[in-house]
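A short write-up of the structure that comes next.
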Amino acid sequence: MKHRRSIDLVASHEAVAADRETLATLPQWYVLHARCDACRHETRIDRRALAYRCGKDLSLAMIGLRLTCRSCGNRRGNHLLLGTLPRD
Ligand SMILES: [Zn+2]
């Protein structure tokens, strides 16, 4: 059964093993978002740009620790969120 949905964000630990999955192993239909713990700024992350910058073998958990908010510059406690694109 297939439903066309908007992007559905979930906490990373609910969807995947964030300490094992990397940008290379994460299925293509996942999109990444980052949310700042300080100002709640949320933005979509370009997977390819992130892989180019951090390397595609970095675990999602490690990426979460490296996030820097573009709005306020906060680097602590930021969240990496996973969303799924609609699958036809
Ligand atoms: Zn922020």
Side-chain angles (χ1 to χ4, degrees):
M1 192 159 55
K2 314 251 184 201
H3 294 282
R4 184 171 279 282
R5 298 188 297 176
S6 58
I7 291 172
D8 184 21
L9 292 176
V10 296
S12 60
H13 59 86
E14 293 175 4
V16 296
D19 56 341
R20 287 201 300 272
E21 294 280 0
T22 70
L23 290 172
T25 64
L26 190 70
Q28 289 296 320
W29 57 84
Y30 281 98
V31 293
L32 299 175
H33 281 235
R35 186 168 67 211
C36 175
D37 192 51
C39 74
R40 301 292 164 186
H41 177 75
E42 186 172 324
T43 188
R44 179 153 169 193
I45 298 174
D46 183 330
R47 282 180 62 162
R48 282 188 297 176
L50 190 65
Y52 182 77
R53 209 177 67 197
C54 297
K56 61 178 166 41
D57 296 322
L58 198 66
S59 74
L60 299 182
M62 287 300 298
I63 290 169
L65 293 175
R66 289 178 172 220
L67 295 173
T68 301
C69 178
R70 287 182 197 161
S71 179
C72 74
N74 173 51
R75 299 177 67 172
R76 303 186 62 167
N78 294 333
H79 303 283
L80 185 67
L81 305 173
L82 293 176
T84 52
L85 292 172
R87 298 172 67 188
D88 295 319

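Counting starts at 1 for both ligands and their atoms, following the listed order.
Distances from the Zn ion (ligand 1) show that His41 has no N/O/S atom below 2.8 Å.
The Zn ion (ligand 1) is the vertex of the angle joining SG of Cys72 and SG of Cys39, which measures 110° to the nearest 10°. With the Zn ion (ligand 1) as the vertex, atom SG of Cys36 and atom SG of Cys69 span an angle of 110° (nearest 10 degrees).
Expressed to the nearest 0.5 Å, how far CG of Asn78 lies from NE2 of His41 amounts to 10.0 Å. Here His79 contributes atom NE2 and Asp37 contributes atom CG; the two are 4.0 Å apart, rounded to the nearest 0.5 Å. Separating the CG atom in Leu23 from the CG atom in Leu60 is a distance of 6.0 Å, to the nearest 0.5 Å. To the nearest 0.5 Å, atom CZ of residue Arg48 and atom NZ of residue Lys56 are 14.5 Å apart.
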